[in-house]
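Keep in mind that this is a model prediction, so the values were computed, not measured.
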2 protein chains.
Amino acid sequence: MTDTTKAGGDAGRAAARPGTAKSAPTIYDIAVLAGVNPSTVSRALSKPGRVSAKTAQKITDAAQELNYQVNVFARALPTGRTQTVGLIVSDITNPAYFEVIRGAETAASGRDYTLMLAESAESAELELTAARRMLATVDGLILASPRLSDEEIGLLASKKPVVVINRSVAGVASVVADTEVGVTDAVRHLAAMGHTAISYVAGPERSWMSQRRWESIKARCDWHGMQATVVASLPPTVDGGRRAAAGVRAGAATAVFCYNDLMAIGLMRELQSAGLTIPEELSILGFDNIFGSDFTTPPLSTIKSPLHELGVSAFRRVLDAVDQVDAGQEPPAPPTELVLRGSTGRAKGA
Amino acid sequence: MTDTTKAGGDAGRAAARPGTAKSAPTIYDIAVLAGVNPSTVSRALSKPGRVSAKTAQKITDAAQELNYQVNVFARALPTGRTQTVGLIVSDITNPAYFEVIRGAETAASGRDYTLMLAESAESAELELTAARRMLATVDGLILASPRLSDEEIGLLASKKPVVVINRSVAGVASVVADTEVGVTDAVRHLAAMGHTAISYVAGPERSWMSQRRWESIKARCDWHGMQATVVASLPPTVDGGRRAAAGVRAGAATAVFCYNDLMAIGLMRELQSAGLTIPEELSILGFDNIFGSDFTTPPLSTIKSPLHELGVSAFRRVLDAVDQVDAGQEPPAPPTELVLRGSTGRAKGA
DNA sequence: TTGTATGCGTTATCAG
DNA sequence: CTGATAACGCATACAA
């Protein structure tokens with residue numbers, strides 16, 4: 001039976017809407033118009049070069065004329081491929097993700113892929129739900145600063161290509177910014193400004209990157225013979241930063257790193273409203289260099305992350321995995337960079 | 001032929017990955033395990049109540065045991081439905097979209113829908129591309145402050161349910177914040193502070209909302225017998241705001257509204273770095289009340305938008321359209337609200 | 001209530 | 001190089 005009629009329920013896409021008459025054209029329509037077999041149309045459209053130039057021309061012309069658009073569902077059914085990759089960020093409200101989203105997005109568009117974005121609102125549970133949902137429809141998944149456990153991530157990665165950003169999970173591809181260079185510069189600067197004791201306001205326990213940043217800071221402080229302590233572990237938000245104020249004041253540090261700019265901003269504002277002057281009485285540093293970190297008074301000194309590159313690079317790596325191309329070496333980690341503004345200064349009494 | 005074997009290319013999802021053995025279970029697998037017909041499984045899983053409680057139980061049990069997951073593509077093929085709605089924002093970098101995204105997202109999750117997010121980077125062309133791409137895979141589309149022309153939007157809306165946020169297009173459902181109340185309060189406040197001439201820094205020409213806000217401001221100023229003028233039309237970004245500085249200084253206004261907070265922040269900072277003191281020499285007002293608008297010195301006075309409600313409401317309306325339920329009345333526009341902070345004060349010389 | 005038969009639009013296999 | 005045909009997994013008229 002080579003029935004080319006389009007019978008059956010018209011439940012298809014583009015049906016029943018006011019302006020839309022009949023359902024979208026298919027390769028069958030193109031086939032009759034071009035006088036070839038549907039399978040030839042399929043070939044011509046999906047694998048260039050596997051069909052004679054002449055018929056290919058006829059077919060593309062016919063497709064153009066009918067304003068043909070592939071039905072991605074029909075295509076995905078036999079192939080399992082969707083030309084879509086997912087990106088899950090832990091908090092859409094954190095400006096730090098702006099650029100990683102942009103980076104991934106542009107990289108995706110450039111390769112004719114679509115990016116599917118979701119957030120987990122800092123909840124491991126929601127993150128898992130979102131990840132599972134996405135996994136069913138995407139070719140690969142990018143997890144930015146995931147709150148999931150290593151096991152959960154490994155499980156996801158066993159089903160589809162997964163790349164994690166700013167985290168390291170055994171057996172899973174990852175793209176991590178090199179915190180070293182920014183931290184090295186920052187601590188050296190602090191030392192030069194007479195600081196001898198610093199503290200660190202950590203982010204969530206589950207945050208691999210928070211841990212990583214602390215280790216880096218600790219190591220450099222040791223090197224300089226400075227004292228370094230963690231004062232708290234709180235949500236990576238402005239409010240989290242505020243809540244760190246008491247702990248910070250209780251300590252003896254004259255300079256404090258916060259896990260990210262959001263926390264640094266919260267901490268600074270809370271301290272200021274309690275009467276402290278920044279940086280005269282305390283130096284504050286954040287991480288990321290987000291939108292708004294230069295709005296504050298004083299503007300925030302911070303360690304800038306290569307957010308855009310992270311997004312681009314992560315997308316590239318999923319695609320490599322999807323296409324089974326051997327990624328070769330892990331690409332070098334893009335470096336961080338110290339951005340000195342007004343929230344850091346000479347140590348009090350130094 | 002009721003062949004239940006799973007032959008053919010194993011190109012399906014979850015194939016060829018290290019840990020994954022055979023392809024995912026289907027309703028056929030469930031059917032044999034539960035001892036019923038596949039179509040019964042389909043019914044049991046998609047339309048609760050159309051199958052006897054007993055068999056339903058058997059089927060859900062079997063599904064559970066096999067860890068069954070519907071293949072959304074296979075489902076989408078005959079039905080055309082994907083349980084997914086798209087949201088396109090004009091600039092993912094604008095914090096104003098945080099809450100509309102969150103709103104739409106939570107509303108979507110609540111109804112077991114997935115939100116697909118994209119941005120257009122303030123480009124009408126990219127927006128159209130993104131919209132077209134999405135249209136093929138979603139059940140409905142939300143356009144937040146689109147830069148598209150009315151015709152283009154109408155065309156999209158003729159194919160799938162479309163809802164626009166903060167814009168009005170003939171024949172297309174829309175959700176718009178009521179600017180009136182916020183503006184009314186703001187202008188009244190300004191009048192009380194002795195201002196008699198205000199100016200407006202407009203956003204993009206294509207921005208319906210920028211126009212809307214201006215009309216609202218103009219009307220209230222007229223009412224108070226105040227003079228009101230537009231000084232520029234620029235990109236709705238911090239940099240756009242900076243570029244408005246010269247025009248603002250050239251005018252005689254003692255208070256200026258900016259299309260949004262981003263512009264207001266840019267304008268304020270530029271003016272300040274040129275030596276002006278805010279609000280003593282000039283009062284500045286923004287719109288939206290975004291993240292960071294209270295970080296500045298002085299903190300920005302602004303007209304807060306019901307961003308979250310806009311997102312929620314927009315999602316609801318697409319869903320109504322998708323489900324063909326008569327939306328009934330246009331829901332009332334959620335109101336804006338004046339938020340007085342430090343960037344507004346008594347008119348200079350008043 | 002449940003089973004039967006078929007279609008959804010595309011890709012893939014196998015002949016010719 | 002091209003044509004015929006069988007999956008891909010699910011939903012749904014229709015019959016029983």
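- A straight line from CZ of A:R81 to C1' of D:dG9 spans 20 Å, rounded to a whole angstrom.
- Look at A:R75 and you'll find a side-chain N or O under 4.0 angstrom from OP1 or OP2 of C:dT11.
- Between the side chain of A:T60 and the backbone N or O of A:Q57 there is at least one donor-acceptor pair closer than 3.5 Å.
- B:Q83 places its CD atom 15 Å from the P atom of D:dC10, with the value rounded to the nearest Å.
- When the C1' atom of D:dC10 is taken as reference, atom CD of B:Q69 falls 15 Å away, rounded to whole Å.
- Side-chain atoms of B:Y28 lie closest to D:dC10 of the nucleotides C:dT11, C:dG9, D:dC10.
- In this structure, B:L77 places its CG atom 13 Å from P of C:dG7, rounding to the nearest Å.
- With rounding to whole Å, A:F73 atom CZ is found 20 Å from D:dA7 atom C1'.
- Taking atom CD1 of B:I30 as the reference point, atom P of C:dG3 lies 14 Å away to the nearest angstrom.
- Pairs engaging residues 105-148 of chain A under the ring pair (Phe, Tyr, Trp, His ring centres under 6.0 Å) rule: A:Y113-A:F315 [sequence neighbours left out].
- Each of A:E122, A:E127, A:E119 was scored for a salt bridge (charged side-chain N to carboxylate O under 4.0 Å, His left out) with A:R147, with one residue passing: A:E122.
- Looking only at distances, no side-chain donor or acceptor of B:E105 sits under 3.5 Å from a matching main-chain atom of B:L115.
- Across the protein-nucleic acid pair, B:L66 atom CG and D:dC10 atom C1' stand 16 Å apart, rounded to whole Å.
- For C:dT10, the OP1/OP2 oxygens have a side-chain nitrogen or oxygen of A:Y68 closer than 4.0 Å.
- Separating the NZ atom of A:K58 from the P atom of D:dC1 is a distance of 15 Å, rounded to the nearest angstrom.
- In this view, B:E65 satisfies the side chain to side chain donor-acceptor pair (under 3.5 Å) rule with no residue, not counting sequence neighbours.
- In this structure, B:T55 does not reach the C:dT1 phosphate: none of its side-chain N or O atoms is under 4.0 Å from OP1 or OP2.
- Within the 3.5 Å criterion, the main-chain N or O of A:V138 finds a donor-acceptor partner in the side chain of A:K160.
- Across all their heavy atoms, B:P146 and B:I165 have their closest contact at CD-O, 4.1 Å.
- Within the nucleic acid shown, A:V36 comes within 4.0 Å of sugar-phosphate atoms alone, with no base atom in reach, counting heavy atoms only.
- Within the structure, ring pair (Phe, Tyr, Trp, His ring centres under 6.0 Å) pairs that include any residue of residues 144-164 of chain A do not occur (at least two apart or interchain).
- A search for side chain to side chain donor-acceptor pair (under 3.5 Å) contacts involving A:Q64 returns nothing, not counting sequence neighbours.
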Protein-nucleotides 12-16 of chain D N/O pairs under 3.5 Å:
unit_1	atom_1	unit_2	atom_2	d
D:dT12	OP2	B:K47	NZ	2.5

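- For the helix from C:dT1-D:dA16 to C:dG16-D:dC1, the end axes, each set by the C1' atoms of five terminal pairs, are bent relative to each other by 30° (nearest 10°).
- Checking D:dT2, D:dC10, C:dT10 against every side-chain atom of B:T26, the shortest atom distance belongs to D:dC10.
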